[in-house]
Amino acid sequence: MTGPSSYQRIYAAVRRIPKGRVSTYGAIARVAGLDGQARQVGYALSALPSGSSVPWHRVINAQGRLSLERAASGAGITQRLRLVREGIVVDAGGRVSLEKFGWRIRAAKRRRD
DNA sequence: CCACTGACGAGTG
DNA sequence: GCACTCGCCAGTG
């Protein structure tokens, strides 16, 4: 076998984000062993079928903004709704404080999730 | 094979 | 904060 696909590793990494926290495309890429391929993370998430159990809404960009906020589809609204429902504060501009809600992960010294 | 496109990111001005 | 460039890589025509 060729081992798990990149997509599978990405989905597994996204599932690790605790409820009430958010992570970034770049950080997920790193956890998935795809350092520097943040773009692939977005590509993988866009391929998710509706109804997936993967918490894709917890993935935002490195600037703390919801990438779908600009999108013309309703996905941006869904993401915002899900985040707020988990207690995450999303401002009018579709921004989240990574300082307060960012998932802090350390491969070496992992104090908490 | 080439060109272009993306739910991205870091760097520069 | 905004605009632009370059690096990444899979999918599409």
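FYI, side chains are in, hydrogens and waters are out, and symmetry mates aren't considered; it's all heavy atoms of this structure. First the proteins, then the strands, lettered A, B, ... as listed; each starts at 1.
- Here A/F101 contributes atom CZ and A/S23 contributes atom OG; the two are 15.0 Å apart, rounded to the nearest 0.5 Å.
- In this structure, A/I10 places its CD1 atom 17 Å from P of C/dC8, rounding to the nearest Å.
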Could you write out each protein N or O paired with an N or O of nucleotides 11-13 of chain B at a distance under 3.5 Å?
none

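- For A/R85, there are no side chain to side chain donor-acceptor pair (under 3.5 Å) partners two or more places apart in sequence or in a different chain.
- Residue contacts shown for A/R95 are limited to sugar-phosphate atoms, with no base heavy atom under 4.0 Å away.
- Applying the salt bridge (charged side-chain N to carboxylate O under 4.0 Å, His left out) definition to pairs two or more places apart or across chains, those involving residues 40-58 of chain A are A/R58-A/E86.
- When hydrophobic side chains of Ile, Leu, Val, Met, Phe, Trp and Tyr are connected at separations under 4.5 Å, A/L81 ends up as a singleton with no cluster partners.
- Connectivity analysis of hydrophobic side chains (ILVMFWY, heavy atoms under 4.5 Å, direct or indirect) links A/I77 to nothing; its cluster partners are none.
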Between the protein and nucleotides 6-8 of chain B, list every N/O to N/O distance that falls short of 3.5 Å.
unit_1: B/dG6; atom_1: N7; unit_2: A/R39; atom_2: NH2; d: 2.7
unit_1: B/dA7; atom_1: N7; unit_2: A/S46; atom_2: N; d: 3.2
unit_1: B/dA7; atom_1: N6; unit_2: A/L45; atom_2: O; d: 3.0
unit_1: B/dA7; atom_1: N3; unit_2: A/Y25; atom_2: OH; d: 3.1
unit_1: B/dC8; atom_1: OP1; unit_2: A/S67; atom_2: OG; d: 2.8
unit_1: B/dC8; atom_1: N4; unit_2: A/R39; atom_2: NH1; d: 2.6
unit_1: B/dC8; atom_1: N4; unit_2: A/R39; atom_2: NH2; d: 3.1

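- Straight-line distance from the CG atom of A/L34 to the P atom of C/dC8: 14 Å, rounded to whole Å.
- By the salt bridge (charged side-chain N to carboxylate O under 4.0 Å, His left out) test, A/R80 pairs with A/E69, sequence neighbours left out.
- The list of salt bridge (charged side-chain N to carboxylate O under 4.0 Å, His left out) pairs with a residue in residues 39-50 of chain A, not counting sequence neighbours, is empty.
- In this structure A/S46 satisfies the side chain to side chain contact (heavy atoms under 4.5 Å, CB included) test with no other residue, sequence neighbours excluded.
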